[in-house]
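For ligands, and for the atoms within them, numbers begin at 1 and follow the listed sequence.
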Amino acid sequence: MSTLPHADTIIRAGILVTQDADRRVIEDAGIAISGGDIVAVDHWSAISDAFAPNIDAALTPREALQPQQAGAPRVIDLSRHLVLPGLINCHTHAAMTAFRGLADDQPLMVWLQEHIWPMEKGLTPQLVHAGSIVACAEMLRTGTTCFADMYMLESETARAARQMGIRAMLGEGILGFPTRSYDTPQQAIELTAALRDAVADTDTIRVCMPPHGVYTTSEDILKDTFRAAEDMDMPWMIHLSESAAECAQSLEMYGKRPVAVVGDAGCLSPRSVLVHCVDLTDGEIERIAASGASVAHNPRSNMKLASGIARVRDLLAAGVNVCLGTDGAASNNSLNLFREMTACAMLGKVSSGDPTAVPAAAVLDAATVNGARALRWDGLGSIREGNIADIVALSLDEPALCPVYNPISHAVYAAGGHDVALTMVGGRVLYADGTFANITTEELRANARRLSEWVDTARSGKPHSGA
Ligand SMILES: [Zn+2]
């Protein structure tokens, strides 16, 4: 037998859902981790014999928040937990936690034009940072270990993600008109390159290229951003076919529907992440499937804004890689992917009149392995040897989660996200049993206060001081 690698962290898992290629679910499992990577996954007896033969004491989730002593391997006891790969939120606008609950129950264009855009005109770097901190905390709290973001002043979201330790794929939203960050789309592409350079020193943050939508850009912007995404080898993301109204607007602007606009511009490829895709024809589903592009489904945002129902069952049947997103906190109003998973399954069933449509396993795939594939981030989405240790644990002492017959069913239908007891990114425990590793409740509250004071001032029409 070859020499086993050293493990610095060993997890004992009551029930482990690996999401590996064999869909292994292991009871009383062990995960050995070294330097943030998973080096072995097996039954506990095998892992404990190989990696922790002399360790008797095990840490509770909360004890595992403490920084690790150099050289001393530790065991984290999750034997009363359901352990899953960290969830991947493939579409959000993190800083929009600032506007959560500010203007609900409005038509999309009224909501955007009368409430959100006037606020966003006065955005400051401090506000984007504070909003992103709150968002990162909410996501870690509810089992998300990686999120893909599109917004303004994205370097502030990068600063927040770095501070909180969460994994992120960030993009400066690219529009055909000046924003708080740039005057021209070309400058936005340059900003994207600068952001990529600024995060090159960390392996938890990557950068993507996100033109906002076909109705807010142009054919040239689509082509230029796609070429730049290819040059920099990063994903290209766009809001696409979110509603029938968007498709009508696209017909007016371009003489064709959104899928044809991006397809004819050469922007449909495996690096493309198409967000929403609510209003699709059969031919468009075929075209997306043939291109290898991913679709980020945001069921709760689509329901709340009455945008329509994405044809998830048909997309899956066509072989499209469907992943999940929450959208921003102002249009959901939650960044909790467990709620999104439930909504994805329920909506897929009720819209097709078929209770077997969009089953739990397909939904968990969307929130894990499919997300990793969409973001082209190797090593994420499943708990297997060689992957990155992005892991979450649900407490099986929660009344809503016991007894357990099918852990995947529990993760999708019964869990609510607040049953998450531990969230680990790259082998580091960032949240456990009510406590965050990198922020105190007081600091979190201060960030929330900063947001509400800014919004109150902006709503009263008075000039605000900056943060
Ligand atoms: Zn969005």
task: Sequence neighbours left out, what passes side-chain contact (heavy atoms from CB on, under 4.5 Å) with Met303? Give chain and number order.
output: Arg300, Ala343, Leu347
Main-chain N/O of Arg384 paired to Thr18 side chain as donor or acceptor, under 3.5 Å: no
Polar protein atoms (N, O or S) that approach the Zn ion (ligand 1) to under 2.8 Å: His91 NE2, His93 NE2, His239 NE2, Asp327 OD1
query: Considering residues at least two apart in sequence or located in another chain, which fulfil the side-chain contact (heavy atoms from CB on, under 4.5 Å) criterion with Arg167?
result: Cys146, Thr204, Trp377, Leu380, Ile388, Asp390, Val425
- request: Answer with yes or no whether the side chains of Thr356 and Asp354 bring together a donor and an acceptor at under 3.5 Å.
  value: yes
message: Closer than 4.0 angstrom, basic N to acidic O: yes or no for Arg227 and Glu230?
response: no
Any residue meeting side-chain contact (heavy atoms from CB on, under 4.5 Å) with Asp378, in chain and number order, not counting sequence neighbours: none
